[in-house]
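Throughout, a chain's letter reflects where its sequence line sits, starting with A, and its residues are numbered from 1.
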2 protein chains.
Amino acid sequence: MVERHVTLKDVAKRAGVSTAVVSAAISGSATTIRMSEATRLRVERAIAETGYRVNHAAKSLSMSRSGIIAAVVPKIANPVFEFAIRGIQAAAEEAGDVLMLADALWIEPGTHLMQRMVGTRMVDGFLVRSPHLGSETIEELTSRTIPYVILQTPDDDERRTSIWVDDHAGIAVATEHLLRLGHRRIALIGGPDQAYGGPRVEGYLDTLRSAGLRPDPRLVHRSGFDPHVVAQSAMAVLTGPEPPTAMIIDNVIAAPGALATIVDLGLRVPEDLSVVVYQDLPIADVLRPAPTTIRMPVYEAGVRGYRALRQLIDGKRARSALVKSPRPKLIDRGSTAPPRA
Amino acid sequence: MVERHVTLKDVAKRAGVSTAVVSAAISGSATTIRMSEATRLRVERAIAETGYRVNHAAKSLSMSRSGIIAAVVPKIANPVFEFAIRGIQAAAEEAGDVLMLADALWIEPGTHLMQRMVGTRMVDGFLVRSPHLGSETIEELTSRTIPYVILQTPDDDERRTSIWVDDHAGIAVATEHLLRLGHRRIALIGGPDQAYGGPRVEGYLDTLRSAGLRPDPRLVHRSGFDPHVVAQSAMAVLTGPEPPTAMIIDNVIAAPGALATIVDLGLRVPEDLSVVVYQDLPIADVLRPAPTTIRMPVYEAGVRGYRALRQLIDGKRARSALVKSPRPKLIDRGSTAPPRA
DNA sequence: TTGAAAGCGATACCAT
DNA sequence: ATGGTATCGCTTTCAA
């Protein structure tokens, strides 16, 4: 059952030509080689008859390029990243590249996988969520040896290429919607646990200020991604003095948990509390209450991210970019209403 | 900025030995080569100093093996498969293999990716959910050229290797739990849309019969994975004549949708209706109502699946297997109670 | 204990 | 228009 792999040489022999011709016939004509139609047909027939398929390792070695790019995703099931992945995949496919997925969880600990993947040039480049994996930067891990693009994380370091969406504008859309309904006490919870002042919080604060309101810091909880912490934040905000009449949940991962907390408190949505979730998520329709969300151009960011990566792989420069189109869009699922008198 | 890749030869030169020695020093001693401690140290120092990393393509070509296996997952965010993936990853990592993920959605349409991945021997083998991708079997797609293992799908074809969990026993645990609470009219909905008679339905029917009950076919809906269809099924069952007092949702993907339907109907869980979801899912805790679930050894199936695949890659045989341990376990989240009088 | 050299399979330059 | 062949980087057999 050894059934040796069919090689270029086999095809060449069968077609009665040299391997150079077969190779050229396959690659279209990237090289200067031109051949007669008759020859090309003979080669194509030989390929079909032998069932020849190019050997990936040999081709990679010869071309010093694998045609594989990797996306290191924070958690394989992160619904937002899923959209980005689809965009990356579509763009990669179109360009003839193969996308390989790897969970950041597998990569962080010993970085064994990272070393394997990028250190050995198993992949030509990769997209990743953050410039940091654990405490080390990617540059340290890769020894700057391979191109990469950072997704979804604003980054002004000129030496890196980063593609992200307009969080400021997205949160602004959510905030404006609630303001327009008449809400004045709007909470913001569940956001990434960074220093106060990320674009999301800014978008929220700026929008409130533009409306002539003075933001109440007690209504802002940057509680990270841990469901328990988010639930506690939601609980604290909703049961405190002067509770909000509306809430923006700034974090898809946290959204189901925060909604559960609201249900557990016996609050009705939207009668007692209006809710907007930042970033649309696939299961939004089947959550109860079904949350009104803000859909961001994450798919497009994936496409742009891939294209930038390809530039880098091809030795060109690729500038960081903020993806502004399509604009943030509010998907109304009825979880908002005017506040009660 | 060309910065050529450091090769074995560079290391050899620096250490003052031949490439054969360096290669042996790296691979431990898979070969018959033994070397002096002094030499080994010199080589290791040279490796460290040059920052040498093996070139994946060259190694693959030389060994006719890539060290990469692929898992073709039905939908990247399928929560159950996520557990399996973790198992596969852990086992692969332990064995020194790299796991590459690919979404079946990308593969089905033109099978372009499949051809690339397996046809070119980019990967040594793969795990996949079903022997069918679209209408073609994997064998057709791969020309039987590469080892693969089927996960989660019972399969008695001797020529394939399949690893799955005991659906029959899992559903039986759910059914028995409800029977023990006193339920007699138990619905089963949302299962894979196969012919009546899969192990899940059998587990349900057998358990009812063992309890001396006569199953009511109107309570069984194999409605597939489409949320809308499942919602309709749930609606039909719950609003029909003689509605059930308990419901088993046989499908994690459908679970949130079915729960939403229950909420929308104004039914209280568990007062008006007891609910058990087959297969535990990560977000169960934050769904409302939080469903009691059956946890299956899916992680373990992933591990077993990887091991079987490795056997095949190594040219050994690997038998199909039903993973029975750990046993199905009911995770009680309070969505069940005795039926009302 | 170590080195030389023959592959692995494809690409692409240089002849013809 | 087509063929010969060096090359990519590594593994492994065979000699020394």
Side-chain angles (χ1 to χ4, degrees), chain A residues 2-44 46-47 50-67 116 119-122 124 145, chain B residues 2-43 46-47 50-67 96 116 119-122 124 145:
Chain A
V2 178
E3 190 188 322
R4 228 183 84 277
H5 210 59
V6 179
T7 72
L8 247 203
K9 206 185 279 181
D10 299 326
V11 176
K13 194 180 302 173
R14 178 159 200 137
V17 297
S18 76
T19 61
V21 171
V22 179
S23 180
I26 290 172
S27 334
S29 56
T31 94
T32 53
I33 287 206
R34 283 178 306 179
M35 73 192 66
S36 65
E37 197 53 26
T39 308
R40 152 161 276 132
L41 285 176
R42 252 187 309 140
V43 170
E44 274 169 6
I47 290 177
T50 54
Y52 169 78
R53 314 242 83 223
V54 62
N55 178 297
H56 177 75
K59 180 168 189 167
S60 300
L61 177 58
S62 184
M63 307 220 313
S64 305
R65 178 159 306 181
S66 73
R116 280 289 292 282
T120 69
R121 302 191 105 70
M122 182 183 288
D124 295 334
T145 188
Chain B
V2 179
E3 190 187 323
R4 230 184 83 277
H5 209 58
V6 180
T7 73
L8 246 202
K9 203 185 282 183
D10 299 326
V11 176
K13 194 181 301 172
R14 178 158 198 138
V17 297
S18 77
T19 61
V21 172
V22 179
S23 179
I26 291 172
S27 332
S29 56
T31 96
T32 53
I33 288 205
R34 284 178 305 180
M35 73 193 66
S36 66
E37 196 53 27
T39 309
R40 155 162 274 133
L41 285 176
R42 253 186 308 141
V43 170
I47 290 178
T50 54
Y52 170 77
R53 315 240 82 223
V54 62
N55 178 296
H56 176 75
K59 179 168 190 167
S60 301
L61 177 58
S62 182
M63 308 220 313
S64 304
R65 177 160 306 183
S66 72
R116 280 290 292 281
T120 68
R121 302 192 105 69
M122 183 182 286
D124 295 335
T145 187

Student: Between C/dG9, D/dT11, D/dT12, which nucleotide has the shortest distance from any of its atoms to the side chain of A/L61?
Tutor: C/dG9
Student: With sequence neighbours excluded, tell me which residues meet side-chain contact (heavy atoms from CB on, under 4.5 Å) with B/S64.
Tutor: none
Student: When the distance from CZ of B/R42 to C1' of C/dT2 is rounded to whole Å, what number comes out?
Tutor: 10 Å
Student: I want to check one thing: is the phosphate of C/dT11, taken as OP1 and OP2, less than 4.0 Å away from some side-chain N or O of A/S23?
Tutor: yes
Student: Can a side chain N or O of A/S18 be found less than 4.0 Å away from OP1 or OP2 on D/dG3?
Tutor: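 So the side-chain polar atoms of A/S18 do come within 4.0 Å of the phosphate oxygens OP1 or OP2 of D/dG3, strictly under.
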Student: Can you pull out how bent the helix from C/dT1-D/dA16 to C/dT16-D/dA1 is, comparing the axes over its first five and last five pairs, to 10°?
Tutor: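 Comparing the axis at each end, I get an angle of 40°.
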Student: Quick check: does any side chain N or O of A/S60 sit under 3.5 Å from a backbone N or O of A/H56, one acting as donor and the other as acceptor?
Tutor: yes
Student: What's the CG-P distance between A/N55 and C/dC8, to the nearest Å?
Tutor: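 After rounding, the reported distance stands at 11 Å.
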Student: Tell me every residue that passes side-chain contact (heavy atoms from CB on, under 4.5 Å) with A/K13, counting only those two or more places apart in sequence or in another chain.
Tutor: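 Here no residue qualifies.
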Student: Using a cut-off of less than 4.0 Å, is there contact between a side-chain N or O of B/T39 and OP1 or OP2 of C/dT2?
Tutor: yes
Student: Is A/Y52 close enough to C/dG9 that one of its side-chain N or O atoms is under 4.0 Å from OP1 or OP2 there?
Tutor: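 For A/Y52, the contact criterion (side-chain N or O under 4.0 Å from OP1 or OP2 of C/dG9) is not met.
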Student: What is the distance from CZ of A/R40 to P of D/dT2, rounded to the nearest Å?
Tutor: 10 Å
Student: From the list C/dA12, D/dT13, D/dG9, which nucleotide is the closest neighbour of the side chain of A/T19?
Tutor: C/dA12
Student: Quick one: A/H56 NE2 to C/dT11 P, roughly how many Å, whole number?
Tutor: 12 Å
Student: Quick one: on DNA chain C, does A/S62 or B/S62 contact a more 5' nucleotide (nearest heavy atom)?
Tutor: B/S62
Student: Base, sugar-phosphate alone, or nothing: which one does A/V22 contact when heavy atoms must sit under 4.0 Å apart?
Tutor: nothing
Student: Counting only side-chain heavy atoms from C-beta out, which of C/dG9, D/dT11, C/dG3 sits nearest to B/L8?
Tutor: D/dT11
Student: Is there a side-chain polar atom (N or O) of B/S60 under 4.0 Å from OP1 or OP2 of C/dC8?
Tutor: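 The answer is no; no side-chain N or O of B/S60 sits under 4.0 Å from OP1 or OP2.
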Student: Tell me what A/R121 touches on the nucleic acid: a base, only sugar-phosphate, or nothing, going by heavy atoms under 4.0 Å.
Tutor: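 If one applies the 4.0 Å heavy-atom cut-off, A/R121 turns out to touch nothing in the nucleic acid.
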Student: Ignoring hydrogens and geometry, is there a side-chain-to-backbone donor-acceptor pair from B/R42 to B/A15 under 3.5 Å?
Tutor: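 Here the side-chain-to-backbone pair exists.
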Student: Can you check the A/I26 CD1 to D/dT2 P distance for me, whole Å?
Tutor: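 Nearest whole value for this atom pair: 15 Å.
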